[in-house]
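A note on names: the letters A, B, ... follow the listed sequences, proteins ahead of strands, and every chain is numbered from 1. It should be emphasised that the depicted structure is a prediction, and the values quoted were computed from it without experimental measurement.
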Protein chains: 2
Amino acid sequence: MNIGDVARQSGLPAKTIRYYEDISLVKPKRETNGYRVFNDADVHKLTFLARARALGFTIEDCRTLLALYEDKSRASAEVKKVTGKHLNEIEAKIADLQAMHATLTRLSEECAGDQRPDCPILEELSGKDRRSNTHDAKQ
Amino acid sequence: MNIGDVARQSGLPAKTIRYYEDISLVKPKRETNGYRVFNDADVHKLTFLARARALGFTIEDCRTLLALYEDKSRASAEVKKVTGKHLNEIEAKIADLQAMHATLTRLSEECAGDQRPDCPILEELSGKDRRSNTHDAKQ
DNA sequence: CTTGACCTTACAGTAACTGGAACCACTAGA
DNA sequence: TCTAGTGGTTCCAGTTACTGTAAGGTCAAG
């Protein structure tokens with residue numbers, strides 16, 4: 001199979017597949033004309049990578065997961081550990097985003113959004129002490 | 001004020017402040033010895049930037065917001081528009097992360113996490129059709 | 001023989017910094 | 001005066017995971 005077919009099958013752009021070869025995630029053979037040839041195992045690996053990336057695993061996590069996948073004597077605990085770490089990071093990100101969301105929603109609701117220049121959003125960003133609420137000990 | 005003092009006041013690393021000068025977000029004067037000198041307006045700007053970045057605005061959004069802040073005849077609608085767009089992006093990210101979280105949590109719960117090699121997480125990544133659930137029309 | 005689809009490499013750019021090397025400036029103390 | 005320590009400077013490279021672009025080689029069809 002050539003790279004275009006693999007791209008269609010795996011859902012990954014050809015460019016990405018070349019990149020994955022660059023960083024040694026896959027090692028397709030070459031035809032005499034220089035074209036990459038992907039066998040079923042390569043395609044399977046790339047599909048695995050596409051799924052893992054879609055679940056937010058980093059490339060390095062993917063490398064680890066792929067190695068575990070190919071190690072038939074792995075302990076599932078290893079896989080679960082990687083997943084657990086990733087889950088924690090996702091949770092942290094969600095929490096960060098939700099905090100931002102809460103603040104921005106509040107400010108946005110307070111902002112008239114009309115032709116007048118007065119704007120609580122800019123006031124907050126500029127550090128203006130709005131509605132005499134003097135304690136702002138956060139981080 | 002020198003860069004170190006500003007870093008302490010604004011909470012931004014000196015390195016970041018230099019970077020912000022590089023991309024023309026601030027334009028501190030220079031002393032004869034080459035040191036940057038920050039006046040109150042500069043420090044205020046940097047504090048503004050630190051807050052906007054903490055709320056997840058991109059650098060380009062920050063540039064826009066800073067320009068709006070300094071335009072005393074702005075319409076608050078402009079600010080609200082930038083904020084609204086950002087809120088939408090945050091919501092999309094949260095949704096993505098929550099979907100990943102749900103899938104990973106499910107798989108993680110199904111994984112024994114012991115010394116045995118059997119692992120639902122790897123099975124899902126490899127595309128193995130687990131428990132005869134044949135429909136997987138997503139994306 | 002040309003056209004078009006497909007393949008190749010190599011280099012640059014993205015976002016927003018961060019780290020490191022090599023070097024200059026200033027102050028205080030021996 | 002020398003020196004140590006702190007803080008400043010520039011410049012270049014690295015991070016993450018690609019993506020864009022240019023310049024060119026390959027192949028099948030008409």
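Using bins of under 30°, 30° to 60° and over 60° for the plane-to-plane angle, the ring pair Phe48(B)/Tyr69(B) lands in the tilted bin.
At a threshold of 4.0 Å, the pair Arg116(B)-Asp114(B) counts as salt-bridged, since one of the basic side-chain nitrogens sits closer than that to a carboxylate oxygen. Asp42(A) and Lys45(A) are not joined by a salt bridge, as no carboxylate oxygen comes within less than 4.0 angstrom of a charged side-chain nitrogen. Ion pair Asp96(A)/Lys93(A) not flagged as a salt bridge, since none of the NZ, NE, NH1 or NH2 atoms sits closer than 4.0 Å to an Asp/Glu carboxylate oxygen. By the 4.0 Å N-to-carboxylate-O rule, Lys27(A) lies too far from Glu21(A) to be salt-bridged with it.
Side-chain atoms of Tyr20(B) and Arg53(B), non-hydrogen and from C-beta on, do get closer than 4.5 Å to each other.
On the nucleic acid side, DNA chain C contacts chain B at distances under 4.0 Å to non-hydrogen atoms, with the end points of that region at dA16(C) to dC26(C).
Around atom CD of Gln98(A), more than 12 heavy atoms belonging to other residues, nucleotides or ligands sit under 6.0 Å away. No more than 12 heavy atoms of other residues, nucleotides or ligands sit less than 6.0 Å from atom CG of Asp40(A). Annotation for Lys72(B): atom NZ counts as buried by contact number, over 12 foreign heavy atoms lying within 6.0 Å.
Sorted by residue number, the list of members of residues 58-69 of chain B with any non-hydrogen atom under 4.0 Å from DNA chain D is empty. Residues of residues 14-33 of chain A having a heavy atom closer than 4.0 Å to DNA chain D, listed by number: Lys15(A), Thr16(A), Tyr19(A), Tyr20(A), Asn33(A).
Between Glu109(B) atom CD and Thr105(B) atom OG1 the span is 6.5 Å, to the nearest 0.5 Å.
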